[in-house]
Visitor: 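Pasting a structure here, questions to come.
We count residues from 1, following the sequence as given.
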Amino acid sequence: MSRTSVEVSRGAGWRWVLWSSLGLVLLRLVYAGQVELAPQEAYYWQYARHLDWSYLDHPPLCAWLMALSKFFLGDSEVALRVPAILCSAALSCVMYSLGTRLYSPAVGLLTALAANATVLFGLGAVVMTPDVPLVLAWAAALRVLCELVLPDGRGPGRFGWRWYLLGLLCGLGMLSKYTAALLPLQVLVTALVMPRGREALRTAHPYVACVLAALVFSPVFFWNQAHDWASFAFQTTGRTQTVTGFHGYLVGRYVGLQSVAVGPLLYLALLLTAGVLVRQAWRGDARARLLGLASVPGLLVFTLVSPFHWVKMNWVAPAYIGLLVAAAGGAWALRHRRVVRAYAGLSMGVGAALMVAMYLMPLCPWIPFRERDNLVSGWRELAEAVQRHRDSAGHPAPLVVGWGYKTASELAFYLEDQPQTQSDSALGGDGLAYSFWMDQASPGQDAIIVADMRQPLKDAATRLDAHCESVRELPPVTVHRGSREVTTFKLWSCHRWQAKPAVASRTLPVARGGGK
């Protein structure tokens, strides 16, 4: 193939990616307005209403992006999801660029297509969480790292500015989610095992990049210094408090969730690809070392953790970036084999079908789904019922307390005047970030307590009696997806709510799954 034809091929690939990304952006904008906010999105919207340098359970970038979109576009589901939709389009371009740089434009297209044909990255395109900017920053950092460590005949000092770009991306990743603390370590190990990387480590550029990353991440340090290092305690000692020993069923849950995340056939292909990368890296393949270090350690860490702690579906997302590129490269190299073509097409088809089903689930009640796991239906219905109780209570409107950050956040968004709600901290429990917003509740006012029966009600009678002068149970509210019952909420009317110390003392916040 001539040099000219390669350039044309790359140009055609870029046109395909850009136009398809634009089409997906338009489709996702339409879809985003049809589905209620997920509890995590409503929680991060609460972050955005309480803008700060950082927060208890996550760094601030997700909240900052939501606040920016909210400033320009208002408080709607679409507005709050615009950052996710745009980041997903950018991720498709980065994935194409990665595949093209490491293999060929065809592999780049296959990589971008595979990423978009998964529940993990497909839902990340319409659900705004910290993982959205995290994955984009991680993928972009890997793309920059390609130029810094892969051999190309040029000296390491020539591209000093790319080290600074890499430092910026590492900082933005850590400003998105604490998982990105693994990213600088990945960069360092990659540089150490690559000759060009070792040459670069003898220059000042990587160390200046580290300083830049720390500066970008510094708002999190400022917040923690002012709040007794609460985030770091939450993510370390707080997490260990939830580990109660070996549980075999958690391994099954982990494998099942990951099979849904990327599709069962693609998941198997990615695991096999990880083994191939390790073997090729051992033989000295620079490309395999780059992609292997970008994916295998993270995959191994979460797999080893899975018997002891619930590993959520989205946690593993950064590890799949390198594996998707390598799997696409391997599939394209073996494209002449009919079985490989069939497996690749079927794996992406199954993944895309799962993703479309997840998209349609909130809109089509006939799609089978375990309603206990349906977290995007019924919030408007609940808010309408709670609003009727608020209206009947007269003025001033009672404080609304959600038993759990999910209920508190959804009610804050869907109630008519979007009031400042409270969570478990208002009843002496652990309210996650709500514990830092307690000054916005006035002791002595009446309150409506709302509890989702999908979450355990611990010491309900004791805690309500301790914080209310008198308590009256209200009629429960059952919410639906079409004609299907999703869950039931219990409601109480609390006369003269009072803020009091926690019913059970704790020295550290417990990581109970705040957000994602």
Visitor: Would R253 pass as a cation-pi partner of W310, given that its NZ or CZ must be under 6.0 Å from the six-membered ring centre and within 45 degrees of the axis?
Guide: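 Yes, a cation-pi geometry holds between R253 and W310.
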Visitor: Between A181 and P184, which heavy-atom pair has the shortest distance, and what is it?
Guide: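 Closest pair (atom of A181, atom of P184, distance): O-CD, 3.4 Å.
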Visitor: In terms of relative ring orientation, are F217 and F221 parallel, tilted or perpendicular, with 30° and 60° separating the classes?
Guide: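 Plane angle over 60°, so perpendicular.
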Visitor: Go through the steps to decide whether Y320 and V135 satisfy the test side chain to side chain contact (heavy atoms under 4.5 Å, CB included), and finish with yes or no.
Guide: CA-CA 10 Å; Y320 290 135; V135 171; over 6 Å; no
Visitor: Drop me the distance from C494's SG to I449's CD1, to the nearest 0.5 angstrom.
Guide: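 Going from the SG atom of C494 to the CD1 atom of I449 covers 5.0 Å.
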Visitor: Say whether, by atom type as modelled, one donor and one acceptor occur between the side chain of S20 and the main chain of V17 under 3.5 angstrom.
Guide: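 Between the backbone of V17 and the side chain of S20 there is a qualifying donor-acceptor contact (under 3.5 Å).
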Visitor: Working to the nearest 0.5 Å, report the span between CD of E36 and CZ of R380.
Guide: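 That separation rounds to 4.5 Å.
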Visitor: Any Lys/Arg nitrogen of R28 or E77 sitting under 4.0 Å from an Asp/Glu carboxylate oxygen of the other?
Guide: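 Looking at R28 and E77, the cut-off is not met.
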Visitor: Donor-acceptor pair, distance only, cut-off 3.5 Å: does the side chain of H247 make one with the backbone of P307?
Guide: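 Pair absent, no side-chain N/O of H247 close to backbone of P307.
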Visitor: Distance from L360 atom CG to I367 atom CD1, nearest 0.5 Å?
Guide: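 Answer for the CG-CD1 pair, L360 versus I367, is 4.5 Å.
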Visitor: Tell me whether Q235 contacts the main-chain N or O of D57 through its side chain, where contact means a donor paired with an acceptor under 3.5 Å.
Guide: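 Checking the backbone N and O of D57 against the side chain of Q235, a donor-acceptor pair under 3.5 Å is found.
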Visitor: Test your reading of the model: is there a side-chain donor-acceptor pair from Y414 to the backbone of L37, 3.5 Å cut-off?
Guide: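 Answer holds: yes.
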Visitor: Between V401 and V450, is a side chain to side chain contact (heavy atoms under 4.5 Å, CB included) present by the stated rule, with each step listed?
Guide: CA-CA 6 Å; V401 178; V450 184; over 6 Å; no
Visitor: In the structure I gave you, are the side-chain heavy atoms of L113 and L109 within less than 4.5 Å of one another anywhere?
Guide: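 Not touching, per the 4.5 Å side-chain cut-off.
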Visitor: Less than 6.0 angstrom separating the ring centers of F489 and W379, yes or no?
Guide: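 Yes - the distance between ring centres of F489 and W379 falls below the 6.0 Å cut-off.
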Visitor: Ring pair (Phe, Tyr, Trp, His ring centres under 6.0 Å) between F436 and H50: does it pass, once the steps are laid out?
Guide: CA-CA 10 Å; F436 297 88; H50 302 84; over 10 Å; no
Visitor: Nearest 0.5 Å, what's the CG-OG distance between L257 and S306?
Guide: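 Spacing of CG (L257) from OG (S306) equals 11.0 Å.
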Visitor: Hey, what do you get for OG (S88) to CG (N116), rounding to the nearest 0.5 Å?
Guide: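 Here the rounded value is 5.5 Å.
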Visitor: In terms of ring plane angle, is the pair W53 and W64 parallel, tilted or perpendicular, where the classes change at 30° and 60°?
Guide: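 Taking W64 first and then W53, their aromatic rings stand perpendicular (interplane angle over 60°).
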Visitor: Please work out whether the ring planes of Y405 and Y43 are parallel, tilted or perpendicular, with thresholds of 30° and 60°.
Guide: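 It falls in the tilted class, 30° to 60°.
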Visitor: Given L382, which partner from the list T487, V486, L415, V479 fulfils the side-chain contact (heavy atoms from CB on, under 4.5 Å) test?
Guide: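 Among T487, V486, L415, V479, the one that satisfies the side-chain contact (heavy atoms from CB on, under 4.5 Å) with L382 is V479.
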Visitor: Just say parallel, tilted or perpendicular for the rings of Y47 and Y55, cut-offs at 30° and 60°.
Guide: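 Because their plane-to-plane angle is under 30°, the rings of Y47 and Y55 count as parallel.
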Visitor: Given 3.5 Å as the limit, does a donor-acceptor pair link the side chain of S442 with the main chain of Q445, or not?
Guide: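 Here the side-chain-to-backbone pair does not exist.
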Visitor: Scan residues 381-394 for pairs that pass salt bridge (Lys or Arg N to Asp or Glu O under 4.0 Å), counting only residues two or more places apart or in two chains.
Guide: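 Found R390-D417.
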Visitor: What residues, two or more places apart in sequence or in another chain, satisfy disulfide (SG to SG under 2.5 Å) together with C93?
Guide: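 C93: no disulfide (SG to SG under 2.5 Å) contacts found.
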Visitor: Show, in sequence, the C-alpha distance, side-chain angles and deciding distance for F308 and L250, and conclude whether the side chain to side chain contact (heavy atoms under 4.5 Å, CB included) test is met.
Guide: CA-CA 7 Å; F308 304 96; L250 289 177; over 6 Å; no
Visitor: Search all heavy atoms of N224 against all heavy atoms of A230 and return the closest pair with its distance.
Guide: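 Distance-wise, the nearest heavy atoms are OD1-N, 3.4 Å.
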Visitor: Check this for me: does any side-chain nitrogen of one of D131 and K177 sit under 4.0 Å from a carboxylate oxygen of the other?
Guide: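 Yes, charged N to carboxylate O under 4.0 Å.
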Visitor: Any side-chain to backbone donor/acceptor pair from S69 onto L65? Under 3.5 Å, distance only.
Guide: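 Answer holds: no.
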Visitor: Show your working on side chain to side chain contact (heavy atoms under 4.5 Å, CB included) between E41 and V127 and close with a plain yes or no.
Guide: CA-CA 7 Å; E41 292 178 289; V127 178; 3.7 Å; yes
Visitor: Do you know the tightest heavy-atom contact between A412 and R49?
Guide: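 Minimum heavy-atom separation between A412 and R49: CB-NH2, 3.8 Å.
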Visitor: I need the Q418 CD to Q46 CD distance, nearest 0.5 Å.
Guide: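 It comes to 9.0 Å.
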Visitor: Between A180 and L134, what is the shortest heavy-atom contact and its length?
Guide: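 Looking at all heavy atoms of both residues, the shortest contact is CB-CD1, 3.6 Å.
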Visitor: After noting the C-alpha distance and the side-chain angles of W497 and Q422, does the key distance pass the side chain to side chain donor-acceptor pair (under 3.5 Å) rule?
Guide: CA-CA 12 Å; W497 166 82; Q422 287 297 327; over 6 Å; no
Visitor: Is a side-chain N or O of S435 found less than 3.5 angstrom from the main chain of S425, in a donor-acceptor match?
Guide: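 It does not hold such a pair.
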Visitor: I'd like to know whether E371 forms a side chain to side chain donor-acceptor pair (under 3.5 Å) with N374, so could you lay out the CA-CA distance, the side-chain angles of the two residues, the decisive distance to 0.1 Å, and finally the verdict.
Guide: CA-CA 5 Å; E371 297 301 337; N374 175 13; 3.1 Å; yes
Visitor: Can a donor-acceptor pair be found, under 3.5 Å and without considering hydrogens, that links the side chain of T478 to the backbone of T488?
Guide: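 Judged by distance alone, no pair lies under 3.5 Å.
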Visitor: Is the CZ atom of F222 crowded by more than 12 outside heavy atoms at less than 6.0 Å?
Guide: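 Count not over threshold, so no.
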Visitor: Ignoring hydrogens, what is the shortest heavy-atom contact between M95 and A139? Give both atom names and the distance.
Guide: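 Looking at all heavy atoms of both residues, the closest pair is SD-CB, 4.5 Å.
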Visitor: For T407 and D452, does a side-chain donor sit closer than 3.5 Å to a side-chain acceptor?
Guide: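 T407 vs D452: no donor-acceptor pair found between side chains.
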Visitor: Output all residues satisfying disulfide (SG to SG under 2.5 Å) with C170, sequence neighbours left out; order by chain, then residue number.
Guide: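 Testing C170 for disulfide (SG to SG under 2.5 Å), a comparison that skips the adjacent residues, returns none.
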Visitor: For M128, is there any backbone N or O sitting under 3.5 Å from a side-chain donor or acceptor partner on R81?
Guide: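 Looks like no, no N/O pair under 3.5 Å.
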Visitor: Please work out which of the three classes, parallel, tilted or perpendicular, describes the rings of Y434 and W437, given edges at 30° and 60°.
Guide: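 Ring orientation of W437 relative to Y434: perpendicular.
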Visitor: Would T303 and Y254 count as a side chain to side chain donor-acceptor pair (under 3.5 Å) if you check the C-alpha gap in whole Å, the side-chain angles of each, and the deciding distance to 0.1 Å?
Guide: CA-CA 8 Å; T303 302; Y254 166 72; 3.0 Å; yes
Visitor: Is a side-chain donor or acceptor of D446 paired with a backbone partner of H495 at a separation under 3.5 angstrom?
Guide: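 No; judged by distance alone, with no hydrogens or angles, the pair does not exist.
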